[in-house]
Amino acid sequence: LQQRLDQETNSIFISRLHITIDTTPQGTLGSGAFGAVYRANLNGTSVAVKVLHNVLVSEYNMQLVMKEFGIMKRVRHPNIVQFLGAVEPADQEHPPSLVMEALECSLSDLVRVTSRRREGEENRLTIREWLDVAIDITRGLAHLHAIGIMHRDLKSENVLIDERMRAKVSDLGTAAVVAHSMSTNLVSPNFLAPERHRGDTRYTSKADVYSLGVTMLEMATGEAADVDRRRSHLVSATRSFEGRGDDSSMSLSRSLTSLIRRCVSEEADQRPSSQEALAELERIKEAWRDRYESCGGRRRIVARTTTTAA
């Protein structure tokens with residue numbers, strides 16, 4: 001058993017000799033509560049490296065951290081940022097750094113960019129794009145839940161967007177790794193489900209669904225998530241979805257706003273599962289397929305934005 005564990009650990013670790021991390025200001029992709037993300041080169045391939053800061057681990061906690069890394073490396077899905085391995089730590093008191101595929105645009109950045117655009121401008125996030133991104137996020141989350149994994153820190157900063165406007169859930173396992181290493185809760189309160197605010201340790205994957213609802217709400221309003229403004233943001237989302245000004249947009253608005261309201265319900269048992277939310281989003285998209293196809297393919301991101309680490 002120990003030999004197998006040693007083999008799994010070795011397969012996760014990446015030698016510091018094989019990777020070059022650019023920690024200059026130009027190489028910094030973002031920084032947040034958990035750590036900073038830098039551009040890096042792994043044997044000639046561009047990657048991103050997250051360096052966790054203010055995190056000290058004991059020998060016991062390191063075993064839990066390595067277990068999380070093992071889970072992360074086995075996850076494969078087109079809507080989840082691929083975890084490639086961990087860079088060997090500089091000493092035994094600090095956790096390894098996380099190596100992942102390189103994507104430089106976060107959903108948070110994209111929402112801020114598009115929310116500044118006037119109605120009808122080329123770079124504005126359209127209803128079609130909103131649905132495509134929402135479905136991508138929900139697919140990634142539903143896959144995690146199907147294999148028994150909770151994300152625990154889903155938010156717009158932890159969703160990355162590629163050049164084809166495909167969304168990928170990132171930071172899988174980071175919250176769990178940090179939870180093993182420190183007592184302070186660094187998860188954003190604006191995306192945190194009520195049961196987690198109350199300190200209920202028996203929360204389920206429905207807590208992730210709450211965070212999904214807040215993320216979709218932020219996408220709809222273009223405003224930063226704020227737990228104290230949740231009700232007004234729901235009103236703003238309704239108006240945003242109705243912005244096309246025809247009867248069909250009213251139907252779309254009712255369907256999407258109803259789904260978001262259920263996702264951010266105070267009671268976990270009133271929220272849909274991630275799979276149910278995905279089915280509802282796909283049903284809405286199917287009903288609007290003719291309109292989507294008339295818009296052409298997914299547009300490329302023309303403005304360079306920066307990933308924010310969480």
Side-chain angles (χ1 to χ4, degrees), residues 79 107-108 110-115 117 119-120 123-142 145 151 154-156 158-159 161 165-169 190-191 193 205-227 229-295 298-299:
N79 297 120
L107 176 59
S108 176
L110 182 63
V111 167
R112 285 198 295 270
V113 168
T114 57
S115 67
R117 308 290 179 174
E119 181 90 23
N123 287 345
R124 189 173 186 269
L125 191 65
T126 66
I127 290 292
R128 173 182 176 270
E129 290 166 340
W130 188 99
L131 272 170
D132 283 340
V133 171
I135 287 172
D136 284 346
I137 299 168
T138 312
R139 278 181 182 152
L141 191 63
H145 292 171
H151 188 286
L154 181 65
K155 55 186 175 182
S156 56
N158 288 343
V159 175
I161 309 293
M165 280 290 288
R166 179 182 292 112
K168 297 189 177 190
V169 176
N190 290 317
F191 291 82
S205 59
K206 293 292 186 73
D208 279 346
V209 172
Y210 182 92
S211 302
L212 170 66
V214 178
T215 300
M216 292 194 294
L217 192 58
E218 192 174 66
M219 289 168 56
T221 64
E223 299 181 46
D226 185 342
V227 66
R229 299 182 59 198
R230 190 77 77 232
R231 185 168 298 180
S232 65
H233 281 173
L234 283 165
V235 173
S236 297
T238 302
R239 292 172 179 167
S240 173
F241 292 136
E242 291 175 351
R244 290 180 177 270
D246 56 24
D247 291 341
S248 55
S249 67
M250 297 289 287
S251 175
L252 174 72
S253 175
R254 285 192 295 269
S255 297
L256 291 178
T257 304
S258 173
L259 175 60
I260 293 174
R261 285 184 183 277
R262 285 184 285 133
C263 287
V264 298
S265 173
E266 290 289 312
E267 300 300 325
D269 60 2
Q270 294 180 12
R271 300 171 205 149
S273 67
S274 54
Q275 188 60 53
E276 290 169 340
L278 175 60
E280 179 67 8
L281 286 168
E282 290 179 333
R283 183 195 65 77
I284 294 171
K285 181 176 179 177
E286 181 66 26
W288 283 66
R289 181 170 296 277
D290 290 343
R291 170 173 287 187
Y292 295 152
E293 291 179 347
S294 70
C295 295
R298 291 185 175 193
R299 65 176 171 84

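We use all heavy atoms of the structure for the numbers below, so side chains are in, but hydrogens, waters and symmetry mates are not.
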If every non-hydrogen atom of [X] is compared with every non-hydrogen atom of [Y], which pair is closest and at what distance?
X	Y	value
S236	E223	OG-OE2, 4.2 Å
V169	H151	CG1-CD2, 3.4 Å
L281	W130	CD2-CZ3, 4.4 Å
G222	V111	CA-CG1, 3.6 Å
S232	R229	OG-O, 3.0 Å
S273	V209	C-CG2, 4.0 Å

Tell me if a side-chain donor or acceptor on [X] pairs with a main-chain N or O of [Y] at a distance below 3.5 Å.
X	Y	result
S265	R261	no
D136	A167	yes
R139	A134	no
S211	F191	yes
E129	T126	yes

Legend entry - Chi angles and distances behind the side-chain contact (heavy atoms from CB on, under 4.5 Å) call for M165, D132: CA-CA 8 Å; M165 280 290 288; D132 283 340; over 6 Å; no

- request: Output yes when R283 and E280 qualify as a salt bridge under the 4.0 Å nitrogen-oxygen rule, no when they do not.
  value: yes

Checking V214 against R230 for the side-chain contact (heavy atoms from CB on, under 4.5 Å) test, could you report, in this order, the C-alpha distance in whole Å, the side-chain angles of both residues, the deciding distance, and whether it holds?
CA-CA 8 Å; V214 178; R230 190 77 77 232; 3.7 Å; yes

Notebook entry, point to check: Step by step, would you call L154 with V159 a side-chain contact (heavy atoms from CB on, under 4.5 Å)?
Noted result: CA-CA 8 Å; L154 181 65; V159 175; 4.1 Å; yes

Using 0.5 Å steps for rounding, measure from the [atom1] atom of [X] to the [atom2] atom of [Y].
X	Y	atom1	atom2	result
L256	M216	CG	CE	8.0 Å
L259	R271	CG	CZ	13.0 Å
S156	L217	OG	CG	11.0 Å
L278	I137	CG	CD1	11.5 Å
I161	R166	CD1	CZ	10.5 Å
Q275	H145	CD	NE2	11.0 Å

### Task
Please lay out, stage by stage, how I260 and L234 fare under the test side-chain contact (heavy atoms from CB on, under 4.5 Å).
CA-CA 8 Å; I260 293 174; L234 283 165; 3.8 Å; yes

